[in-house]
Amino acid sequence: MAGVELTSLVTAEPFTTKDGSTIRELHHTAVQSLAEASLPAGSATTRHYHALSEEIYFILDGVAELEIDRETRTVGPGDAALIPPGSWHTIVATTELRLLCCCSPPYSDGDTYFA
């Protein structure tokens with residue numbers, strides 16, 4: 001398949017992002033990125049925002065409390081949350097958590113801001 005780029009979680013190297021989550025990036029282009037993120041039960045990302053990136057969190061496994069701009073919702077498998085640029089957010093894993101995170105423009109530590 002010419003022009004198709006395939007990646008696999010099996011070969012993606014995990015690393016810790018600036019907000020404290022462990023991710024395995026699957027794709028990173030000039031316009032978007034896609035990664036699997038995981039958090040152990042009881043842990044959380046540091047509350048932050050991205051000035052440029054819009055994010056979509058899609059929960060694969062586990063339950064968490066997702067806070068976006070001081071509004072908290074319980075999320076679980078099959079839930080998708082849109083996080084607009086400039087929105088403060090954090091996710092607290094109630095159980096072991098796995099989610100997909102899609103960012104446009106792509107994720108960058110340089111676009112991650114803390115209070």
Side-chain angles (χ1 to χ4, degrees):
M1 296 189 300
V4 174
E5 184 179 336
L6 295 175
T7 57
S8 172
L9 282 175
V10 174
T11 57
E13 290 291 324
F15 67 95
T16 301
T17 62
K18 199 171 171 183
D19 71 11
S21 59
T22 299
I23 72 166
R24 293 187 289 174
E25 196 165 60
L26 295 164
H27 290 284
H28 189 110
T29 70
V31 296
Q32 65 187 350
S33 62
L34 177 66
E36 179 214 44
S38 61
L39 286 168
S43 66
T45 60
T46 302
R47 192 167 188 269
H48 65 285
Y49 74 92
H50 306 285
L52 301 175
S53 287
E54 174 179 81
E55 290 186 283
I56 298 172
Y57 285 179
F58 181 76
I59 309 302
L60 297 169
D61 298 306
V63 176
E65 296 297 316
L66 174 62
E67 183 255 312
I68 303 171
D69 289 333
R70 306 239 182 256
E71 184 178 333
T72 301
R73 301 269 175 97
T74 300
V75 294
D79 289 338
L82 177 65
I83 306 167
S87 292
W88 286 94
H89 58 284
T90 183
I91 191 163
V92 180
T94 306
T95 65
E96 187 171 331
L97 184 67
R98 277 188 345 115
L99 62 134
L100 292 178
C101 181
C102 183
C103 298
S104 180
Y107 175 83
S108 165
D109 275 349
D111 186 38
T112 303
Y113 300 92
F114 302 97

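Between T17 and D19, the shortest heavy-atom contact is OG1-OD1, 2.6 Å. Residues I23 and A37 share a closest heavy-atom pair of CG2-CB, 3.7 Å. Taking every heavy atom of both residues into account, L97 and A64 meet most closely at CD2-CB, 3.7 Å. Among all heavy-atom pairs drawn from S33 and P106, the shortest one is OG-CA, 3.6 Å. The nearest pair of heavy atoms linking T46 to T90 is C-OG1, 4.4 Å. Taking both residues in full, the closest heavy atoms of H28 and Y107 are given as CE1-O, 3.2 Å, listed atom of the first, atom of the second, then distance.
Residues L26 and L60 share a hydrophobic cluster, clusters being chains of Ile/Leu/Val/Met/Phe/Trp/Tyr side chains in contact below 4.5 Å. Tracing side-chain contacts under 4.5 Å through hydrophobic residues (I, L, V, M, F, W, Y), one reaches L39 starting from L66; they form part of the same cluster.
Between the side chain of S104 and the backbone N or O of Q32, no donor-acceptor pair lies under 3.5 Å. Using a distance-only test at 3.5 Å, with no hydrogens or angles considered, a donor-acceptor pair links the side chain of D69 to the main chain of W88. One N or O on the side chain of S53 and one on the backbone of P105 form a donor-acceptor pair closer than 3.5 Å. Checked by atom type and distance alone, the side chain of H27 never pairs as donor or acceptor with a backbone atom of L34 at under 3.5 Å. Here the side chain of T45 pairs a donor or acceptor atom with the backbone of I91 at under 3.5 angstrom. Remark: side-chain polar atoms of R24 are paired, donor with acceptor, to backbone N or O of L9 under 3.5 angstrom. A distance-only check finds a donor-acceptor pair linking the side chain of Y113 to the backbone of G110 [under 3.5 Å]. At least one donor-acceptor pair closer than 3.5 Å links the side chain of T29 to the backbone N or O of V31.
Environment of CZ in R73: sparse, with no more than 12 heavy atoms of neighbouring residues, nucleotides or ligands closer than 6.0 Å. Crowding of E96 atom CD: a count of heavy atoms from other residues, nucleotides or ligands under 6.0 Å not exceeding 12.
Annotation: the span from T22 atom OG1 to E36 atom CD amounts to 10.0 Å, rounded to 0.5 Å. Between the CD1 atom of I68 and the CZ atom of R70 there is a distance of 13.5 Å, given to the nearest 0.5 Å. The distance from the SG atom of C101 to the CD1 atom of I83 is 7.0 Å, given to the nearest 0.5 Å.
Residues D79 and Y57 fail the side-chain proximity criterion, which asks for heavy atoms closer than 4.5 Å. L99 is not listed as a side-chain neighbour of F58, based on a closest heavy-atom distance of 4.5 Å or more.
Ring geometry, H89 versus H50: the interplanar angle falls from 30° to 60°, so the pair is classed tilted.
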